[in-house]
Amino acid sequence: MIELVQQILNGLAIGGVYVLVALGLTTVFGILGIAHFAHGSVSMFGGYLTWFLAVSAGLPLLAAIAAAMAVGFVLGVAIELLAYRPVRSASHINAFIVALGLTMMVEGLNLQLFGHEQVVIPTGLSRVFEIGGVTIPELRLYVILAAAALIASMTLFVERTKTGQAIRAVAENREAAILMGVNVQAIPLIVFGISTTLGVCAGVMVGSLFAIAPGIGEWLVVKGFAVLILGGLGSIPGAVIGGMVLGVTEALAAGFVSSAYKDLIAFAVMIAVLLMRPQGLMGKA
Amino acid sequence: AERTLRIGVSDALTGGASVYGLPQANAIKMAADEINAAGGVKVGGDSYMLDVIAYDDKGNPTEATNAVRKLIDFDEVKYILGFCCSGAASAVASFIADEDAVMLVGNAAERSITARGIPNLVRTRPPADYTGAAAGAFVGKRGHKRVAVLGALDVGFYALYVDAFEKELNKAGGQIIARESFGLKDRDMTPQLTKIREMNPDALLVVGYVEPAAFIYRQSVELGMDIPRYGFTSGSEEQFLRVATSEQMEGVWDLRPTELTLQSATETGLAYHRNYTERYGMPPSPSSPYAYDNVYALKHAIEAAGTVDDTRAVARALRELAPPPEAVMQYLPVDGKMFDRNGQAYTANGAFQWRGGKWVYVEELPSDAKAYSEFLASLR
Amino acid sequence: MDALLSIRDLRVAYGGVEVVHGVSLEVREGECVALIGANGAGKSSTLRAICGLVPARAGSIRFDGREIANAPGHRIVRAGITMCPEGRQVFPQMTTLQNLRMGAYARSDDEQARDLEAMMDMFPILRERAHQPAGTLSGGEQEMLAIARALMARPRLCIFDEPSLGLAPRIVAEVGETIARIKAMGKTILLVEQNSSMALRLADRAYLFEAGEIVLSGSGEELQAHPEVARAYLGH
Amino acid sequence: MQFRPAYLALAAAAVGLVLLPQIIGAKYYLHLSILALIWTIAAQGQNLIQGHAGYVSIVQAGFMGIGAYGTTLLGMHFALPVWLTMLLAPFVTALFALAAGYPSLRVKGHYFAIVTLAYNLVIFIVLTNWTSLTHGEAGITGIPKPGGPDGWFDFRDRATFYYLTLILAGAMTGLAWLIARSRIGQTLRAIRQNEDLVGAIGIPAWKYKLFAFVAAAAFAGLAGAVYAHYQSFINPEVFGLAQSLDAILAVIVGGSGTIAGPFIGAFFVVFLPEYLRFADAFRLIIYGLALILATIFMPRGIVGVASDLWARIRRGRE
Amino acid sequence: MTAPVLEVKGLSKSFGGVKAIRDLSFQVHPHDILGLIGPNGSGKSTTVNTLAGVHAASAGEIVLDGAHVQTLPEYERVALGLARTFQTARLFPEFTVREQIALGAQVTRRSHPLSSVFAFGRRSAEDEAVAAHVEELLDMTGLRPVAETKTGAISSAQQRFLMIAMALAARPKVVLLDEPAAGLVAHERKELGRLIREIRDSGVAVLVIEHHMGLIMEICTRIVVLNFGAKIAEGAPEEIRNDKAVIDAYLGEAA
Ligand SMILES: Nc1ncnc2c1ncn2[C@@H]1O[C@H](COP(=O)(O)OP(=O)(O)OP(=O)(O)O)[C@@H](O)[C@H]1O
Ligand SMILES: Nc1ncnc2c1ncn2[C@@H]1O[C@H](COP(=O)(O)OP(=O)(O)OP(=O)(O)O)[C@@H](O)[C@H]1O
Ligand SMILES: CC(C)C[C@H](N)C(=O)O
Ligand SMILES: [Mg+2]
Ligand SMILES: [Mg+2]
């Protein structure tokens with residue numbers, strides 16, 4: 001029993017990271033129908049940047065994170081404007097290739113700026129709480145809480161603000177949104193900005209829980225897509241549920257079945273869900 | 001006259017294995033510069049200045065195959081060094097016998113690389129099971145009965161280490177109660193550790209690259225596990241501290257060849273450490289001298305063979321060589337030779353423990369190089 | 001008096017193929033103007049150019065004295081034009097209420113709640129369906145929603161593109177009445193309709209499109225009486 | 001017959017390819033050319049499902065892996081001759097694709113792309129972890145060349161192997177061409193444009209999609225088998241996600257839905273990264289930038305640009 | 001009286017809680033032009049979609065020329081003789097009009113698709129027959145002038161005729177037309193009326209959904225009226241026009 005609870009807790013932290021990655025992907029997908037493959041690399045970049053600001057530039061950690069998030073927003077805006085906008089009217093395969101090109105550029109840029117080394121963002125949070133045999137490292141607890149807070153504010157933003165509604169409107173019917181007076185040129189910029197900011201947060205979490213290294217972006221984005229598919233493309237609740245399911249499934253699979261095959265089991269679950277519900281858990285038919 | 005001799009390097013300069021590969025490549029360049037500064041490699045009346053071409057194989061067999069192919073076909077190189085990783089080294093070893101080239105393997109630990117007696121291949125690091133057996137005896141001697149293993153067990157040489165370890169542990173009445181594995185890119189080992197924690201082992205054995213191992217040490221503390229931890233990593237202090245705090249590392253053992261540590265180093269070892277640190281701005285990793293020593297072995301072999309073109313002769317000369325005076329590692333010569341007839345060199349094994357932020361050399365682990373050499377030859 | 005909307009020599013093209021070849025027309029304040037004509041004659045394209053959904057290749061579009069040709073769509077809406085597009089185009093997964101609120105997106109005054117009530121009074125069925133996703137409404141209900149949503153913007157010029165398309169005869173009649181009511185409220189209306197007899201009945205003035213050009217214009221009655229129009233478009 | 005520049009280009013390419021081993025100096029370029037021809041086979045397959053049917057499948061390299069391991073393991077465990085295992089490899093791969101494709105073709109668009117991506121990862125994970133069969137990460141060495149030293153041809157000679165690959169790539173390109181202009185090809189293009197409508201007019205779209213998926217896999221399986229016997233060494237790495245993305249790139253960059261596109265694209269993805277090594281540090285950035293610019297400015301690939309150019313020249317002449 | 005070519009018995013279809021069709025029964029005979037009318041959302045398109053196999057029926061039987069087809073997939077029903085058009089035009093925009101019609105004829109082919117891979121350019125007798133049929137349809141629907149034009153580039157009226165031509169290419173026994181006249185002007189509507197009669201005269205039964213009463217009253221032999229998914233009336237045009245329930249639910253004062 002304790003083991004089960006512990007394993008679920010283990011899975012929640014990583015699940016939170018998956019949710020954040022998937023949230024960014026899902027909003028971009030919902031609005032623009034783009035499979036933004038570069039999202040993982042951008043997350044990685046955000047993690048590296050935070051590490052650099054905190055370790056080499058000596059900023060306090062929270063300031064470093066805030067600065068990286070701001071840079072992430074700008075980067076997201078630039079990506080939409082310079083890379084995706086020109087191919088908006090072409091087929092979605094073209095946008096996918098642009099995404100691959102972006103991935104390479106971000107990876108390359110990251111190597112130039114921060115080198116090949118794996119880095120760990122130092123948080124200084126090494127206390128461990130224990131409740132009835134279940135241990136929770138302080139850091140993991142904060143990660144779970146931060147993820148929850150970000151998810152909640154994202155949901156509120158989309159549901160309750162005018163801009164959030166405009167984002168939904170563009171996602172559902174671009175032309176009608178124009179006719180409502182929505183500036184449809186600006187919306188994708190906002191969406192990419194927010195999405196990338198969330199990606200940066202995910203990168204920071206991975207970088208402090210574990211480590212970030214070149215190439216980790218691929219892993220992140222693949223997991224993000226798996227979550228998206230599991231939860232249903234374009235659905236925010238879907239991303240949240242999908243991320244948690246994937247994180248916990250992996251932890252349970254690693255703990256109770258086989259750690260070597262935990263990814264395989266996670267993907268098997270995803271494929272199985274899809275075959276029963278081709279539109280994902282929360283997707284619209 | 002002064003001429004140039006190109007030597008090639010294929011090693012992991014990036015990626016997870018670069019903790020081993022990059023320091024090796026650095027050490028090779030340093031050795032080449034030292035040799036050049038001292039007048040180069042002397043053959044007949046000519047002195048050859050060494051020119052190093054290094055490709056990044058990322059520790060990956062396919063990339064290494066392509067890199068070596070390119071070194072031989074495109075850059076026309078005949079002497080190839082590096083190879084921190086078993087997979088990459090094995091892949092290249094599988095075809096090197098057909099090439100007009102000599103391959104000098106450094107840090108890679110897979111036994112089969114020297115088990116086939118490839119004539120134009122030598123290696124400085126002793127095989128994993130040679131070390132694993134010594135490690136098993138040591139852990140057994142310390143009285144642990146129930147040992148859990150967490151390792152990159154689908155990588156051949158780690159499994160080999162654990163098998164040899166288990167055999168010796170069993171002799172001392174201990175046993176391995178769990179073999180959990182992880183992928184080379186995994187960084188979250190809490191599921192495996194949680195599972196192990198439930199089994200209440202007396203000790204934990206970690207076999208894997210430095211980074212995943214460091215995460216295991218860190219996460220084991222985070223999960224409140226308070227048992228002796230042993231490992232096989234050859235990582236430096238700096239490499240571990242990037243991931244885990246010194247407190248989280250405290251008391252961890254590394255059971256590996258004696259390699260380079262400041263306490264155990266000879267005069268040459270200390271000089272190597274000094275020069276490297278000065279040149280690259282950080283200390284060398286423990287296993288980096290394997291490649292450095294290979295450069296000097298090559299120099300002496302070429303000079304002994306009296307040719308740079310006849311790779312067969314150079315390969316033969318390598319097998320006849322006594323450990324060169326410039327070598328950093330303390331090799332245990334077999335019949336007076338640095339490389340035995342398998343092409344394999346041996347060092348002593350040792351137990352190192354993390355104490356107060358440093359790896360401390362605690363004791364030598366008894367091993368019999370000559371007997372192992374016989375055994376290795378018997379595998380053919 | 002200056003016209004509220006005046007279009008001069010408008011040309012519209014899709015990927016190099018021109019489909020509107022120099023159209024000029026005007027709509028005066030308080031007027032209801034209809035555009036009629038065959039399929040693919042370029043009526044929708046003209047409306048879409050007015051609203052900034054497609055670029056104008058040449059020509060001018062002046063609204064309330066200001067040039068709006070090729071201005072971004074949201075600017076045009078803010079200037080006071082809304083369109084109820086062909087095929088309704090509701091936001092299918094948003095509720096009826098959310099759709100209506102989107103209609104007021106460009107407004108910043110605080111009378112939106114009052115207008116919302118007014119719309120629900122005008123179309124009681126929408127109040128019943130307030131919390132239902134708009135995509136699940138029937139075609140007629142969606143049309144009501146689209147009209148109400150357009151009115152939520154408090155436009156000075158309201159454009160309707162084929163509001164009766166695909167609607168049952170009874171609903172067509174209702175839509176006709178609704179437009180008449182909006183007209184009676186004093187709104188300026190530009191209407192495109194396949195149901196030419198309805199359009200000409202509602203309109204003060206009308207233009208006949210053929211193959212991207214205006215071939216005839218006049219008051220509603222004049223066009224209704226025109227033999228060519230009667231034969232090809234009214235089906236008499 | 002009317003003068004068609006395409007035929008001229010084809011003839012020139014054929015002559016060039018046949019003479020290639022005689023022309024090029026460094027053996028290394030011959031090596032790269034062989035790899036490019038192997039990639040041509042895989043890309044022609046990818047073009048069937050991606051270029052014609054419009055389904056982005058991200059598992060081509062995974063299927064190459066099945067072909068490569070298939071031929072190798074069949075040879076190792078059943079002592080079958082190399083020619084036979086090479087011949088069997090595409091069928092083995094097709095079998096896997098059949099099993100995987102049947103359920104997954106229920107999902108469309110991006111879902112399909114991600115599901116196939118998951119298949120690639122699954123293949124990769126199995127190849128890496130089923131060590132008793134595959135030797136995992138360390139891979140399998142010493143895979144024999146076809147023919148043996150006393151056959152008619154010695155395939156250990158690189159030029160000889162080049163011709164073998166050239167013949168295979170040519171044959172598979174021909175097969176792809178036949179499929180593309182057949183009724184099946186036409187139906188696949190219809191599926192790309194409007195899949196629901198295809199079903200509504202009485203065509204069982206899933207059968208055609210499955211055919212394209214399985215045929216693509218068979219092409220990949222052959223490519224993988226040739227690769228294994230050429231390199232004599234395989235490990236899971238070459239059959240990962242990145243390589244599947246290369247297959248997609250080859251099709252897009254060359255010109256999707258065309259017959260020359262995958263060929264041109266294959267040479268592109270093999271040679272360009274190699275040539276960018278001069279800019280080592282900036283290689284990724286330049287490669288990525290080149291891709292983005294190419295997609296923005298030549299969305300129909302190199303073949304598209306060439307045919308536009310030709311059309312303009314001809315119009316200019318008239 | 002001849003046997004019905006299409007017989008619908010007790011058909012129901014629900015989406016979640018929404019009952020889109022309730023216990024609907026009617027027959028289409030070989031020489032029928034059956035009109036299906038009713039208010040928006042009354043279930044007409046759903047009926048067509050359920051008959052065609054886009055949706056699975058929740059209950060009821062669909063008998064096509066003696067064969068029960070309610071469990072068959074969409075494409076098999078076409079093969080058995082049930083073709084349809086859509087409320088909004090659906091196209092293969094990169095194909096020419098001729099190619100799109102020819103694709104509609106694919107279902108009539110008996111040879112295996114693979115045989116066309118290895119035909120090496122030879123045209124079979126079957127190819128010739130299909131080509132001839134396509135030419136006939138081009139003339140019948142008046143699309144010959146645009147035969148070589150891409151379907152995306154023809155007018156929306158022509159697209160509607162194309163949909164019909166493509167459906168006929170399958171050599172169906174019955175065609176289901178969903179609002180074929182939507183958006184057509186008077187003279188195009190006349191043309192459409194003529195075409196529908198011609199189709200019926202060629203031996204293909206027609207089921208047509210329309211909101212345009214002029215057309216419906218003019219061409220239909222019988223009319224079925226739906227409201228809230230259930231049949232509220234059935235009969236000849238004259239009867240329907242004067243049916244109180246139909247006037248209340250659907251026609252209103254205007255008609
Ligand atoms: N997005 C588009 N791309 C290419 N051509 C288009 C596009 N939209 C419309 N057209 C073409 O432009 C011409 C005019 O179309 P438009 O929709 O303006 O006509 P309309 O008078 O509104 O006709 P309808 O009664 O069918 O709505 C038609 O030939 C149509 O095919
Ligand atoms: N896929 C679906 N999911 C849920 N409800 C649906 C679905 N399709 C149709 N409906 C509902 O079924 C009912 C009947 O719709 P249908 O489209 O058949 O009407 P119709 O008679 O064709 O109307 P119209 O004349 O407006 O085209 C409507 O209430 C509609 O909202
Ligand atoms: C123990 C490790 C240092 C061994 C090395 N990484 C190899 O692959 O052989
Ligand atoms: Mg229109
Ligand atoms: Mg309908």
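Note on naming: letters A, B, ... go to the chains in the order of the sequence lines (proteins, then strands), and numbering restarts at 1 for each one.
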Who pairs with Thr85(D) by side chain to side chain donor-acceptor pair (under 3.5 Å), at least two apart in sequence or on another chain? Thr71(D)

Does Leu272(D) form a side-chain contact (heavy atoms from CB on, under 4.5 Å) with Tyr287(D)? I'd like the steps, not just the answer. CA-CA 8 Å; Leu272(D) 187 66; Tyr287(D) 192 44; 3.5 Å; yes

What part of Phe239(D) gets within 4.5 angstrom of chain B, counting heavy atoms only: side chain, backbone, both, or neither? neither

Indicate yes or no: at least one non-hydrogen side-chain atom of Phe215(B) is less than 4.5 angstrom from one of Val206(B).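 Counting from C-beta outward, Phe215(B) and Val206(B) never come under 4.5 Å.
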
May I ask you to list the residues in residues 112-128 of chain B that approach chain D closer than 4.5 angstrom, counting heavy atoms only, ordered by number? none

Considering heavy atoms only, which positions within residues 72-105 of chain B lie below 4.5 Å of chain D?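 Against chain D, the residues of residues 72-105 of chain B that fall inside the cut-off (heavy atoms, under 4.5 Å) are Asp73(B), Phe74(B), Gly87(B), Ser90(B), Ala91(B), Ser94(B).
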
Please tabulate, one pair per line, all N/O donor-acceptor pairs under 3.5 Å involving side-chain atoms of residues 148-162 of chain B, not counting sequence neighbours.
{"residue": "Tyr158(B)", "atom": "OH", "partner": "Gly208(B)", "partner atom": "O", "Å": "3.4"}
{"residue": "Tyr158(B)", "atom": "OH", "partner": "Tyr209(B)", "partner atom": "N", "Å": "3.3"}
{"residue": "Tyr161(B)", "atom": "OH", "partner": "Leu255(B)", "partner atom": "O", "Å": "2.9"}

Between Arg111(B) and Leu379(B), is the side-chain contact (heavy atoms from CB on, under 4.5 Å) condition met? List the steps. CA-CA 10 Å; Arg111(B) 180 173 73 196; Leu379(B) 293 174; 3.4 Å; yes

Let's go through Ile252(D) and Gln50(D) carefully: what are the C-alpha distance in whole Å and the side-chain angles of both, what is the deciding distance for side-chain contact (heavy atoms from CB on, under 4.5 Å) to 0.1 Å, and is it a yes or a no? CA-CA 9 Å; Ile252(D) 292 272; Gln50(D) 176 186 329; 3.4 Å; yes

Measure across Thr72(D) and Ile140(D) and return the closest heavy-atom pair with its distance rounded to 0.1 Å. CG2-CG2, 3.9 Å

Do NZ/NE/NH1/NH2 and the carboxylate oxygens of Lys145(D) and Asp157(D) come within less than 4.0 Å?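 Result for this pair is no, no salt bridge flagged.
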
When you compare the side chains of Asn66(B) and Tyr55(B), does any donor N or O come within less than 3.5 Å of an acceptor on the partner? no

Going through the checks in order, is the side-chain contact (heavy atoms from CB on, under 4.5 Å) test met by Phe271(D) and Tyr29(D)? CA-CA 9 Å; Phe271(D) 276 83; Tyr29(D) 290 114; 4.0 Å; yes

